[in-house]
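To start, the structure under review is shown below, and the notes come after it.
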There are 2 protein chains.
Amino acid sequence: MVNFMNILKEKNLKATPQRISVLKELHKNEHPTIDGLYEAIKKDYPSISLATVYKNVHTLKENGIIIEVNMPNGKMRYDIFTKPHIHIVCKNCNSVEDMDYDKQLCDYQKNLEAKGNIEIDRLDVIATVERCKHCSQ
Amino acid sequence: MVNFMNILKEKNLKATPQRISVLKELHKNEHPTIDGLYEAIKKDYPSISLATVYKNVHTLKENGIIIEVNMPNGKMRYDIFTKPHIHIVCKNCNSVEDMDYDKQLCDYQKNLEAKGNIEIDRLDVIATVERCKHCSQ
DNA sequence: CTATTTGCAAACCCTTTGCAAAAAT
DNA sequence: ATTTTTGCAAAGGGTTTGCAAATAG
């Protein structure tokens, strides 16, 4: 069980039930859209407003607690950030899966930095597949 | 000089002056936003409408003549597609630069496919930098 | 007690759509 | 002559904002 209270306290964010719900939902259901979050949270917390979900997602993102994943179609999804990873997106069922940011990718990043004479702040990698295991059943 | 007429004819698209303007602008100024395209084209073609720019960009994208680049901030930019490449985005000045999709990345993709038991349709790589050569002047 | 957060409604993008007129082939 | 494309204005969808009331610390 993750201690959301501590995560929020560390960043001096108030632990409102709405905010905890957002974190819980992000922990349970990975990569939801804003609307997916909203709909899911409403089941436990019917009075929550969409604006509150937006505001919380914004605050959590600003504080590095969650990350925004920009899907190839331009829709945003959200993800509790634990460690660097890349995303596999399925065109057919729209599911998103994480894969580790491995040594090979790390080496690639280093070479890219050398080749382009740049310092990369962040490397987003999104692999799109036509179908995935989730949608072939 | 690129022959836009032939590119369009190959895809059975009509060569209207508006469409040619969109292609010309994408060829000259790389990675514009829709609005950037619109503003630039208006100088030569003041009567063009924003809807026409949207429609043309959509059509050109559908026909594989241009690609949509999904910026980390969620804004879309457009790019005449010639060969596979990745994007370097500057956080500071918002410029976008291309770099080749090289052998190392190709190998990475192959291993990722093996590791995840997937067939990747497309791999989007966006490196974000804090500042770039364009904005340090 | 103070600062933050919530919820509502309005405002604000940006993008798409329907349709009649214009233009391309 | 036929089909596509344009331009306009309206509609649509998602996100942000202002503000007073509620809540957390």
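No hydrogens, no waters, no symmetry mates; every other heavy atom, side chains included, goes into these values. Numbers restart at 1 for each chain; the letters A, B, ... are given by sequence-line order, proteins then strands.
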Is there a path of hydrophobic side-chain contacts, each under 4.5 Å between heavy atoms of I, L, V, M, F, W or Y residues, that connects A:I80 with A:I41?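 They do share one cluster, since a chain of ILVMFWY contacts under 4.5 Å joins A:I80 to A:I41.
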Can A:M99 be reached from B:V125 by stepping across I, L, V, M, F, W or Y side chains whose heavy atoms are under 4.5 Å apart?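 Yes, because B:V125 and A:M99 connect within a single hydrophobic cluster, where side-chain heavy atoms sit under 4.5 Å apart.
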Taking the side chain as everything from C-beta on, heavy atoms only, tell me whether [X] gets closer than 4.5 Å to [Y].
X      : Y     : result
A:I126 : A:I86 : no
A:K55  : A:H58 : no
B:R77  : B:N94 : yes

Interface polar pairs with nucleotides 19-21 of chain D, N/O, under 3.5 angstrom:
none

Please list, one pair per line, the donor and acceptor atoms closer than 3.5 Å that link side chains of residues 110-119 of chain A to other protein atoms, with sequence neighbours excluded.
residue: A:N111; atom: ND2; partner: B:Q104; partner atom: OE1; Å: 3.0
residue: A:E113; atom: OE2; partner: A:I120; partner atom: N; Å: 2.7
residue: A:K115; atom: NZ; partner: B:D102; partner atom: OD2; Å: 2.9

Partners of [X] by salt bridge (Lys or Arg N to Asp or Glu O under 4.0 Å), sequence neighbours excluded?
X     : result
B:K43 : none
A:D44 : none
B:D35 : none

Would you check if the side chain of B:R19 reaches a backbone N or O of B:N56 as a donor-acceptor pair within less than 3.5 Å?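 Answer holds: no.
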Looking at A:M5, I want to see if its CE is surrounded by more than 12 non-hydrogen atoms of other residues, nucleotides or ligands under 6.0 Å.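 For A:M5, atom CE is not crowded (no more than 12 foreign heavy atoms under 6.0 Å).
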Starting at atom [atom1] of [X], determine the distance to atom [atom2] of [N], rounded to an integer number of angstrom.
X     : N      : atom1 : atom2 : answer
B:E68 : C:dT15 : CD    : C1'   : 11 Å
A:E62 : D:dT16 : CD    : P     : 11 Å
B:K61 : C:dT15 : NZ    : C1'   : 11 Å
B:H58 : D:dT6  : NE2   : C1'   : 16 Å
A:R19 : C:dT4  : CZ    : C1'   : 8 Å
B:F4  : C:dA24 : CZ    : C1'   : 19 Å
B:N12 : D:dT5  : CG    : C1'   : 15 Å
A:Y54 : C:dA9  : OH    : C1'   : 15 Å

Could you go through residues 63-74 of chain A and list every donor-acceptor pair under 3.5 Å that involves a side-chain atom there, pairing it with any protein atom two or more places apart or in another chain?
residue: A:N63; atom: ND2; partner: A:T59; partner atom: O; Å: 2.8
residue: A:E68; atom: OE1; partner: A:K61; partner atom: NZ; Å: 3.4
residue: A:E68; atom: OE2; partner: A:K61; partner atom: NZ; Å: 3.0
residue: A:E68; atom: OE2; partner: A:Y78; partner atom: OH; Å: 3.0
residue: A:N70; atom: OD1; partner: B:N70; partner atom: ND2; Å: 3.0
residue: A:N70; atom: ND2; partner: B:N70; partner atom: OD1; Å: 2.9
residue: A:N70; atom: ND2; partner: B:M71; partner atom: O; Å: 2.3
residue: A:N73; atom: OD1; partner: A:K75; partner atom: N; Å: 2.9

Quick check on C:dG7: is either OP1 or OP2 less than 4.0 Å from any side-chain nitrogen or oxygen of A:Q18?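 A:Q18 to C:dG7 OP1/OP2: side-chain N or O found under 4.0 Å.
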Taking OP1 and OP2 of C:dT6, is either one under 4.0 Å from a side-chain nitrogen or oxygen of A:N56?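 Yes, A:N56 has a side-chain N/O under 4.0 Å of OP1/OP2 on C:dT6.
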Over the length of the helix from C:dC1-D:dG25 to C:dT25-D:dA1, how much do the five-pair end axes diverge, rounded to 10 degrees?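 That helix gives 50° between its end axes.
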Going by ring-ring contact (aromatic ring centres under 6.0 Å, His included), name the residues that satisfy it together with B:H87, two or more places apart in sequence or in a different chain.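 Checked B:H87 against ring-ring contact (aromatic ring centres under 6.0 Å, His included); matches are B:H31, B:H85.
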Are A:R122 and A:D124 close enough for a salt bridge, meaning some N to O gap below 4.0 Å?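 Judged by the 4.0 Å cut-off on N to carboxylate O distance, A:R122 and A:D124 do form a salt bridge.
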Below 3.5 Å between N/O atoms, which protein atoms pair up with nucleotides 23-25 of chain D? Just atom names and distances, please.
residue: D:dA24; atom: N3; partner: A:K14; partner atom: NZ; Å: 3.1
residue: D:dG25; atom: OP1; partner: A:A15; partner atom: N; Å: 3.1

Answer with base, sugar-phosphate or nothing: what part of the nucleic acid does A:D35 contact at a heavy-atom distance below 4.0 Å?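 If one applies the 4.0 Å heavy-atom cut-off, A:D35 turns out to touch nothing in the nucleic acid.
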Tell me, which of residues 41-52 of chain B have any heavy atom that sits under 4.0 Å from an atom in DNA chain D?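 B:Y45, B:S47, B:I48, B:S49, B:A51, B:T52, in order of number.
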For B:Y38, the option from B:T33, B:I48, B:T52 that meets side-chain contact (heavy atoms from CB on, under 4.5 Å):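 Among B:T33, B:I48, B:T52, the one that satisfies the side-chain contact (heavy atoms from CB on, under 4.5 Å) with B:Y38 is B:I48.
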Nucleic acid contacts of residues 71-79 of chain A, taken as heavy-atom distances under 4.0 Å to DNA chain C: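 Listed by number, there are none.
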Taking only residues at least two apart or on different chains, which pairs with a member in residues 82-91 of chain A satisfy salt bridge (charged side-chain N to carboxylate O under 4.0 Å, His left out)?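 For residues 82-91 of chain A, and leaving out neighbouring residues, the salt bridge (charged side-chain N to carboxylate O under 4.0 Å, His left out) pairs sorted by first residue read A:K91-A:E130, A:K91-B:D121.
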